[in-house]
Amino acid sequence: MPAQILDGKTLAARVTDELRARVAACIAAGRAAPGLAVVLVGEDAASQVYVRNKRRTTDGVGMRSLAFDLPASVSESELLALIGRLNDDPSVNGILVQLPLPAHVSAERVIEAIDPKKDVDGFHPYNIGRLVLRMPTLRPCTPFGCMRLLAATGEDLVGRHAVVIGQSNIVGRPMALELLMARCTVTICHSATRDLPGLVRQADIVVAAIGKANFVQGSWIKDGAMVIDVGINRGADGKLVGDVDFEAARERAGWLTPVPGGVGPMTIATLLSNTLQAAQMQDA
Ligand code: NAD
């Protein structure tokens, strides 16, 4: 039986509808609409698309989107000074710096400069540390969005073998921590992993975050597995494709996320739920 499609677009719409109602209730109670500052450096085409979608969705739920578009030539100290001003501005509840940054700017230093209470991407060492210790506060958006997709299957995750392909700080590593917190047995794979197909064949849950189009073959997927495809790649025809060979995986998986329309919308919905959470923490 072909896999059931895990429809991230519909789930994200449900999350944003609920957020819109909660933001309206905050405003009705006399509080300001949460403000999200999105900092974009340079003119990377993919980053521009992501940032446009984030800003549009922020406005769509009734929050305030504050745009800071800087040239690629901006110096690290100028960017750090902006972060400092946003940290001090009480009308800014969340700060997101779109990655990647130009090579002359240290992403680590910029992320560490963000006030952890405003770190709605959840990348600050403080927030990652809390996730490591099973005390999550602001959680990295893509992995947390993937967990919401897995929850939407209604399947019990406890004791399942989860194979995460990719070990980046923003997807693979926090994803593994989320799955561990959900009491999965977790294997993290990366470019030096031996026998990736053999490991994926054992997986009840596969999370692919590699950045290589159609890299994960359908024949690697265990019958009935839950497959979450984080990858966003542009195919030769200009269309977006994931890291998993969708058509072939569909024949074996139990659940499968499409690209587009799977993880991407859930990342943005989670960013906004983090922003509301940040605003509420700052209000308390
Ligand atoms: P990255 O380049 O930082 O990390 C890629 C990882 O893949 C690395 O850990 C590397 O070791 C691993 N890898 C590379 N080749 C491999 C191989 N042959 N076998 C096993 N592992 C291999 O990328 P990232 O930032 O983690 O993003 C991964 C993908 O997810 C990209 O396509 C990116 O566009 C996408 N992404 C999507 C969202 C979303 O919201 N849908 C969010 C973030 C990233």
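Note that ligands are numbered from 1 as they come in the structure, with each ligand's atoms numbered from 1 the same way. The residues of the chain are indexed from 1 along the displayed sequence.
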Taking heavy atoms and a distance under 4.0 Å, where does Thr193 meet ligand 1: side chain, backbone, both or neither?
neither
Within 45° cone and under 6.0 Å: Arg52 NZ/CZ vs Tyr50 ring
no
Please state which option from Ile232, Val216, Val241, Ile210 has its nearest heavy atom closest to atom 7 (O) of ligand 1.
Ile210
Taking both backbone and side-chain atoms of Lys212, is any N or O found less than 3.5 Å from an N or O belonging to ligand 1?
yes
Distance-only, no hydrogens or angles: does the Asp156 side chain make a donor-acceptor pair with backbone N or O of Val158 under 3.5 Å?
yes
Atoms of ligand 1 under 4.0 Å from any heavy atom of Gly264, numbered from 1 in the order shown, are 40 (O), 41 (N)
Between Arg20 and Asp17, is the closest basic N to carboxylate O distance under 4.0 Å?
yes
Please list, in number order, the atoms of ligand 1 under 4.0 Å from a heavy atom of Val171.
26 (O), 43 (C), 44 (C)
Please name the pair of heavy atoms, one in Lys117 and one in Ala278, separated by the smallest distance, quoted to 0.1 Å.
O-CB, 3.5 Å
Under 4.0 Å, heavy atoms only, figure out whether ligand 1 is touched by the backbone of Thr142, its side chain, both or neither.
side chain
Out of Gln167, Arg173, His190, who is nearest to atom 9 (O) of ligand 1 when you count heavy atoms only?
Gln167
Quick one, Asp245 with Gln217, criterion side chain to side chain donor-acceptor pair (under 3.5 Å). Give me CA distance, side-chain angles, the key distance, then yes/no.
CA-CA 6 Å; Asp245 181 347; Gln217 307 292 298; 5.4 Å; no
State the atoms of ligand 1, each with its element, that fall below the 4.0 Å cut-off from a heavy-atom position in Ile165.
20 (C), 21 (N)
The protein heavy atom nearest to atom 31 (C) of ligand 1 is Gly211 CA, 3.7 Å
If you measure from atom 26 (O) of ligand 1 to every heavy atom of Ser191, Ser168, Cys146, Cys189, which option wins on shortest distance?
Ser168
Mark yes or no for whether Arg109, through its side chain, and Val105, through its backbone, hold a donor-acceptor pair below 3.5 Å.
no
Counting from 1, what ligand 1 atoms have a heavy atom of Thr267 closer than 4.0 Å?
39 (C), 40 (O)
Sort out for me which residue in Arg139, Arg134, Arg173 forms a salt bridge (charged side-chain N to carboxylate O under 4.0 Å, His left out) with Glu178.
Arg139
Do any heavy atoms of Ala209 fall under 4.0 Å from ligand 1?
yes
To which protein heavy atom is atom 37 (C) of ligand 1 closest, and what is the distance rounded to 0.1 Å?
Val230 O, 3.1 Å
Which atoms form the tightest heavy-atom contact between Pro34 and Leu276, and what is the distance?
CG-CD1, 3.9 Å
Do any N or O atoms from the side chain of Arg252 and from the backbone of Asp223 form a donor-acceptor pair under 3.5 angstrom?
no
Looking only at protein heavy atoms, which one is nearest to atom 17 (C) of ligand 1, and how far off is it?
Phe215 CZ, 3.7 Å
Are Leu96 and Leu79 connected in a single hydrophobic cluster, I mean Ile/Leu/Val/Met/Phe/Trp/Tyr linked by side-chain heavy atoms less than 4.5 Å apart?
yes
Within ligand 1, which atoms have a heavy atom of Ile170 less than 4.0 Å away?
25 (O)
